[in-house]
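Report on one structure; see the data block that follows.
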6 protein chains.
Amino acid sequence: MFYIGLDELLLSALKEDVGTGDITTLSCIPEESRSEAYFLAKEEGIICGIDIAARVFYLVDQRIALVPKMRDGDHVKTGDIIAEVVGPSRSILTGERTALNLMQHLSGIATATAKAVSAVSGTKAKICDTRKSTPGLRVLEKYAVRVGGGHNHRFNLSDGVLIKDNHIAAAGGIANAVKAAREAVPHVMKIEVETETLDEVRQALDAGSDIIMLDNMGIELMTDAVKLVGGKAITEASGNMGERDLSEVAKTGVDFISIGALTHSVKALDISMKFKK
Amino acid sequence: MFYIGLDELLLSALKEDVGTGDITTLSCIPEESRSEAYFLAKEEGIICGIDIAARVFYLVDQRIALVPKMRDGDHVKTGDIIAEVVGPSRSILTGERTALNLMQHLSGIATATAKAVSAVSGTKAKICDTRKSTPGLRVLEKYAVRVGGGHNHRFNLSDGVLIKDNHIAAAGGIANAVKAAREAVPHVMKIEVETETLDEVRQALDAGSDIIMLDNMGIELMTDAVKLVGGKAITEASGNMGERDLSEVAKTGVDFISIGALTHSVKALDISMKFKK
Amino acid sequence: MFYIGLDELLLSALKEDVGTGDITTLSCIPEESRSEAYFLAKEEGIICGIDIAARVFYLVDQRIALVPKMRDGDHVKTGDIIAEVVGPSRSILTGERTALNLMQHLSGIATATAKAVSAVSGTKAKICDTRKSTPGLRVLEKYAVRVGGGHNHRFNLSDGVLIKDNHIAAAGGIANAVKAAREAVPHVMKIEVETETLDEVRQALDAGSDIIMLDNMGIELMTDAVKLVGGKAITEASGNMGERDLSEVAKTGVDFISIGALTHSVKALDISMKFKK
Amino acid sequence: MFYIGLDELLLSALKEDVGTGDITTLSCIPEESRSEAYFLAKEEGIICGIDIAARVFYLVDQRIALVPKMRDGDHVKTGDIIAEVVGPSRSILTGERTALNLMQHLSGIATATAKAVSAVSGTKAKICDTRKSTPGLRVLEKYAVRVGGGHNHRFNLSDGVLIKDNHIAAAGGIANAVKAAREAVPHVMKIEVETETLDEVRQALDAGSDIIMLDNMGIELMTDAVKLVGGKAITEASGNMGERDLSEVAKTGVDFISIGALTHSVKALDISMKFKK
Amino acid sequence: MFYIGLDELLLSALKEDVGTGDITTLSCIPEESRSEAYFLAKEEGIICGIDIAARVFYLVDQRIALVPKMRDGDHVKTGDIIAEVVGPSRSILTGERTALNLMQHLSGIATATAKAVSAVSGTKAKICDTRKSTPGLRVLEKYAVRVGGGHNHRFNLSDGVLIKDNHIAAAGGIANAVKAAREAVPHVMKIEVETETLDEVRQALDAGSDIIMLDNMGIELMTDAVKLVGGKAITEASGNMGERDLSEVAKTGVDFISIGALTHSVKALDISMKFKK
Amino acid sequence: MFYIGLDELLLSALKEDVGTGDITTLSCIPEESRSEAYFLAKEEGIICGIDIAARVFYLVDQRIALVPKMRDGDHVKTGDIIAEVVGPSRSILTGERTALNLMQHLSGIATATAKAVSAVSGTKAKICDTRKSTPGLRVLEKYAVRVGGGHNHRFNLSDGVLIKDNHIAAAGGIANAVKAAREAVPHVMKIEVETETLDEVRQALDAGSDIIMLDNMGIELMTDAVKLVGGKAITEASGNMGERDLSEVAKTGVDFISIGALTHSVKALDISMKFKK
């Protein structure tokens with residue numbers, strides 16, 4: 001999961017954690033000391049970020065080798081060994097926290113996503129993320145969502161169109177807004193419209209929207225909305241989905257359920273690094 | 001809560017969220033449109049990040065004015081208005097998500113911290129954070145901990161000494177490790193040692209440690225450890241404190257309780273931005 | 001036409017042009033000298049980049065005022081005054097070349113685009129750009145295309161899907177490739193497939209492609225292809241369109257004509273800066 | 001043609017083109033796929049940028065090998081293979097456009113320069129560039145000019161002195177301006193003065209200018225000017241030289257002809273990347 | 001002595017020194033030329049920065065090998081060979097000045113520090129540095145102080161507490177200031193208070209300061225102050241120590257002597273690079 | 001003395017000095033506190049860097065006003081007030097050290113330069129600097145040299161030609177080297193050749209060098225060299241000039257004396273910031 005810009009992010013995370021040097025390690029551990037360590041799962045979940053952790057150590061010291069014992073997306077249980085790390089002790093200790101912070105965070109997201117995906121299994125609904133992500137980590141967090149079995153919504157304001165109430169009000173109605181967007185944005189983009197009532201759904205449909213977001217609707221209303229759309233557009237359930245009964249939502253027949261909590265309220269997966277004695 | 005480097009962080013967060021431009025807004029909303037909007041609390045908690053949100057909007061467009069209705073650290077209830085925003089509609093929409101993502105995240109931390117602080121009220125124990133923070137956001141997250149009534153542990157590996165088992169093993173015992181650190185690190189630093197048994201506590205004490213971390217100890221053992229230390233060093237309870245009964249821990253008499261979950265498992269506070277019609 | 005990141009680009013352009021200081025100006029022109037100057041069109045075309053030029057001067061010295069006499073998109077003739085600039089002489093001279101280089105380049109693109117748009121007037125074909133742009137300037141160049149009356153194709157590899165022969169070969173046919181992309185990419189994206197024969201057009205259509213690129217086709221073949229598609233997908237003519245008779249291409253009934261030459265072979269519009277005596 | 005700062009430029013170009021990832025390629029092409037491809041000349045010209053293209057691929061993925069079949073400065077004909085590329089298919093596709101955009105642009109410059117050089121062959125005149133270059137690419141573009149057989153004028157405002165009318169007016173005449181510059185700028189710099197009349201040429205000569213620019217002069221005037229200078233200074237013809245008969249200009253006896261169009265109005269050389277089946 | 005951020009510093013130093021390319025070397029020395037060179041001490045002192053120099057060359061060209069003949073901290077005499085460098089001649093010449101500028105500067109600091117350390121030998125006083133360092137080079141300069149046998153004071157305003165007169169005035173006395181700091185700063189920090197009189201020393205002591213700075217005191221006063229402190233806090237002599245008789249200061253019994261001149265008034269050690277013929 | 005890139009340098013210096021925040025000041029001084037302070041000369045010299053200091057404070061907090069009481073280049077005596085600073089106390093304290101470190105360093109250079117200039121007064125020799133400057137600070141240091149009355153040699157390897165023994169050896173003699181450089185470098189550059197013997201001076205002269213460096217020559221030899229050159233080239237004395245009798249050197253008739261020590265061995269001028277009570 002490498003991308004242009006990842007190294008910059010990781011170096012900046014390392015700078016933040018290391019400051020001007022790990023003074024404890026430098027004073028207590030001799031330069032020539034070598035260690036073996038391993039990443040240990042301390043709770044059950046979906047692991048994510050092994051390659052990222054490897055890259056963190058690479059950036060600290062190219063002499064560190066990280067040997068994966070699992071792959072991103074694997075289900076881990078308490079006590080599982082995720083990866084082993086061998087190299088200069090000082091460098092391993094210097095990279096440890098940054099590697100862990102990232103892996104725990106991403107695994108937390110993958111685990112929560114997998115749980116959501118599982119809750120809608122047997123339906124056609126797909127779980128997807130939102131732009132409610134942690135500043136600086138969006139590309140990684142969206143990767144974790146995919147690792148957990150979810151799908152990605154747009155990455156930013158320039159690679160997808162989502163027409164909301166303010167846009168509609170300013171453009172003078174849904175039809176005008178859709179038309180304005182269709183005219184102006186690259187033709188490779190679909191047009192999504194946020195709706196809260198059946199009437200808005202109908203307008204969005206008539207306007208030729210490609211995707212219709214059903215925002216904060218109750219189950220009954222959502223069911224009617226999906227029926228109304230009748231496959232002529234993609235439907236997406238949205239609005240505090242992190243606190244809804246996803247199975248119930250999925251049974252309305254929606255195509256996508258987008259969940260902000262996947263990335264805005266992450267519970268880190270418990271992982272620790274242990275040194276072999 | 002400004003610091004050298006904050007603008008860089010916020011610009012990079014904006015770039016991540018905006019990409020090459022907010023195509024929906026640019027196509028639907030005229031350049032000359034002006035709006036008034038407000039930040040609304042949708043659940044109870046401690047608000048944090050108002051100035052940060054203001055700075056986000058400033059960086060998007062200096063013509064936006066954010067008028068705070070509350071101050072960081074204030075207790076908000078559902079329905080409270082946190083701040084108002086006035087300016088060019090396009091620019092407000094462009095900054096909205098980044099401002100919200102930051103404010104919700106930081107308020108989530110402040111809220112969780114306040115809860116922990118409250119749990120130990122009546123004891124002398126202070127709640128503090130760890131280095132288990134979100135990569136890129138440490139300075140802001142530690143600010144949120146303070147806003148929530150907590151204290152900060154070290155910010156990075158260079159501004160505090162924490163001697164752990166690997167350091168002890170490499171240095172040949174606690175006494176040697178403390179001596180090595182004392183000799184090498186700036187004299188403005190205290191020396192903290194991680195201990196898991198009474199024997200280790202005793203060694204740390206004899207070695208002249210300034211702070212003794214009581215790691216993963218049960219209540220009884222911790223009580224004995226605090227007694228053993230007898231005020232001759234600062235004591236700090238640590239190890240999955242996010243899942244412990246903090247009141248019980250505090251009653252052992254420890255000086256500090258450090259909680260990784262404050263920053264590694266953040267539940268965003270629900271806040272939204274509404275436009276005045 | 002401001003975007004997050006523009007200042008960084010302009011500062012870097014200024015650094016490139018100014019080096020460690022404009023030694024000629026510093027030695028010949030006193031610090032207190034003030035000047036008035038104006039941008040003069042020396043050939044006919046579509047002007048683009050006035051705000052960019054203003055921002056360049058702002059970054060050099062906030063005491064410079066640029067007063068636009070025209071707006072981006074205006075048709076200029078030889079001798080027209082585009083904007084006036086007032087401020088410290090040294091700073092105006094320091095920013096002159098960078099402002100001109102950008103405005104001439106962008107105006108060249110807008111002018112060429114307008115020419116292409118005019119060539120297809122009376123047809124439904126829209127002119128659009130490609131990713132064959134000048135490294136570092138893509139957002140500005142795509143803005144210039146819009147200013148010239150054209151449309152934008154995708155901005156980068158992550159905000160649009162374009163399945164080419166290598167993708168098709170690797171995926172095992174057009175149907176498989178479209179299916180794989182549909183499954184994996186955000187649902188806000190359309191799927192475009194590159195075709196060179198009627199058979200490929202048919203496969204792309206059957207696979208449910210949203211956009212079908214007709215690559216390097218002769219007029220007859222293109223006409224048949226458009227007929228075959230029959231409005232069930234968007235069609236886009238491509239392949240050295242900079243050297244084709246655009247009117248003829250447009251008459252085949254294609255929806256879009258994408259032209260790399262708009263941005264890869266730019267003839268700068270002749271503009272100069274004159275000082276008022 | 002490596003320089004400190006090149007990697008930064010190329011990474012930024014890649015980021016611009018790749019965004020958060022090549023979603024088409026990632027969805028259609030398996031990670032383990034390997035490919036061989038080659039760069040093919042589709043028109044005649046001077047090739048430039050092979051090492052730059054190699055560096056682009058290196059920055060995308062160090063496992064890609066680019067094997068040059070030609071060297072910068074070589075004359076290519078339609079159908080010539082310029083270089084071969086072997087490595088992971090995904091990475092090759094990710095770097096393709098950035099590598100091509102740069103190589104086509106630089107080859108376009110080298111080709112135009114070679115044409116200009118050829119036009120003045122048999123005279124002593126040398127072709128050189130100006131500061132009218134594409135923002136961000138100056139060092140590369142000036143390299144392309146050299147590859148095409150041209151010479152470089154100054155790279156920026158701090159590494160050369162060029163006294164123009166504003167400097168002269170502010171300093172109170174040519175003599176004063178030259179004196180002021182001679183006094184203030186590093187003694188390693190020559191002093192160049194822009195002139196438009198014989199009288200100005202004479203003043204520049206009397207003032208001890210090292211280089212005299214003959215700006216926008218007709219052939220006759222230029223001939224007289226060169227004669228007047230009589231070898232006591234370097235002469236440089238300038239002013240829309242891209243549209244002049246260079247051979248005629250050269251025959252006036254000038255030492256240099258500086259041509260802005262070499263870099264401000266670049267026609268990309270047609271090159272494409274093909275995959276071996 | 002590597003730290004996260006060092007490469008960035010060195011690349012920026014190289015860019016500053018190389019500009020857009022070493023034009024003399026590029027024109028005179030063929031690309032394929034290889035050279036052997038060595039760093040030669042031209043005066044006596046303590047060498048520092050060999051690894052830094054090696055990294056400079058690595059960043060210029062990975063084909064250069066620097067073979068150390070000494071280690072940082074070694075005492076060199078005129079004529080000693082410090083390191084040898086082998087590789088492409090052009091690259092060696094390109095990196096030469098930056099490598100030398102850094103090594104000479106850091107060796108100058110190490111040498112001055114060693115002199116100060118030697119002046120206090122036989123006493124318990126330790127020599128330490130201040131924040132009066134060269135902007136941009138602090139981490140390296142503090143490393144050089146350690147190499148010379150000195151100790152480091154705080155690295156910046158966030159990793160140490162130093163209460164000065166303004167803080168005291170604003171807080172309402174020493175006791176209040178110490179209390180305020182103790183309450184607010186991370187508990188891993190000691191509290192240092194600046195004093196100028198015996199009364200202030202007493203107040204600082206009573207307030208529980210960990211470190212007491214004796215600022216600009218004469219020998220007699222300092223002796224009394226040290227006596228008054230009586231080992232209940234660390235003492236640090238400060239104030240133009242670069243011009244004091246350090247042996248005399250040390251004999252007062254202070255624990256630390258901090259000397260700004262170590263880093264603010266550096267005399268470069270004379271080192272040159274010679275090519276083997 | 002502003003240049004594109006200065007803010008970047010100052011922000012990076014501030015980050016280095018402030019870290020994540022001035023914890024002493026934040027804990028002791030209330031946010032609303034305002035102060036007046038002034039910069040006080042504590043020894044005699046030439047002041048340099050007042051505008052730079054002002055810019056440092058501006059970058060910390062735009063509410064700080066620095067009012068200059070002197071101008072760069074002024075001669076200060078002990079007790080002189082250089083500038084006053086008014087604004088938020090916290091911000092003043094945060095910027096103090098960075099402003100001082102820069103102003104003391106630059107004033108040290110200006111002072112040493114003025115001393116050298118004065119030593120050669122009455123002769124035609126001009127004092128100039130070298131590339132032996134502090135990494136990161138070259139543009140500022142060369143500004144300080146000018147402020148002290150000196151001249152600048154080249155700023156970097158790309159804005160001046162200096163042919164040394166290695167270049168000569170590789171090119172096959174002085175004549176060849178000069179010819180190669182003349183052919184390849186921009187025609188706005190002069191050619192300087194380093195010589196150590198009369199024979200080399202003669203060769204350099206015959207080769208048409210514009211500047212001849214007389215390196216490490218004794219007074220007698222230098223006198224002969226200057227005579228030999230006879231005004232047909234600029235002469236520059238070089239080589240440990242920081243330790244030579246400059247007046248004696250100047251009397252040989254050389255045009256320039258370049259002194260590395262001006263920037264590589266800087267003694268900071270003693271300046272401090274005082275708060276008004």
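The chains referred to below are lettered A, B, ... by the order of the sequence lines, with proteins before strands, and numbering in each begins at 1.
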Note to self: Below 4.5 Å, heavy-atom pairs only: which of D:H153, D:E192, D:E236 has the largest tally toward chain F?
What the structure shows: D:H153
Item checked: Proximity breakdown for D:K142 and chain F, heavy-atom pairs closer than 4.5 Å -> neither
Item checked: Check ion pair D:D255-D:K126 (N to O, under 4.0 angstrom) -> no
Checklist line | Proximity breakdown for F:H187 and chain D, heavy-atom pairs closer than 4.5 Å | finding: both
Note to self: I'd like to know whether F:S158 forms a side-chain hydrogen bond (donor to acceptor under 3.5 Å, both in side chains) with F:N156, so could you lay out the CA-CA distance, the side-chain angles of the two residues, the decisive distance to 0.1 Å, and finally the verdict.
What the structure shows: CA-CA 5 Å; F:S158 64; F:N156 54 51; 2.8 Å; yes
Note to self: What's the separation between atom CD in F:E248 and atom CE in F:M222, rounded to the nearest 0.5 Å?
What the structure shows: 9.0 Å
Item checked: Contacting region of D:D210 [heavy-atom separation from chain F under 4.5 Å] -> side chain
Note to self: To the closest 0.5 Å, what do you measure between CD1 (D:I109) and NE2 (D:H264)?
What the structure shows: 11.5 Å
Next item on the list: Considering only heavy atoms and a distance below 4.5 Å, find which of F:I211, F:V188, F:I234, F:N152 pairs most often with chain D.
Entry: F:V188
Item checked: Rounded distance [0.5 Å steps], NZ in D:K15 versus CG in D:L10 -> 13.0 Å
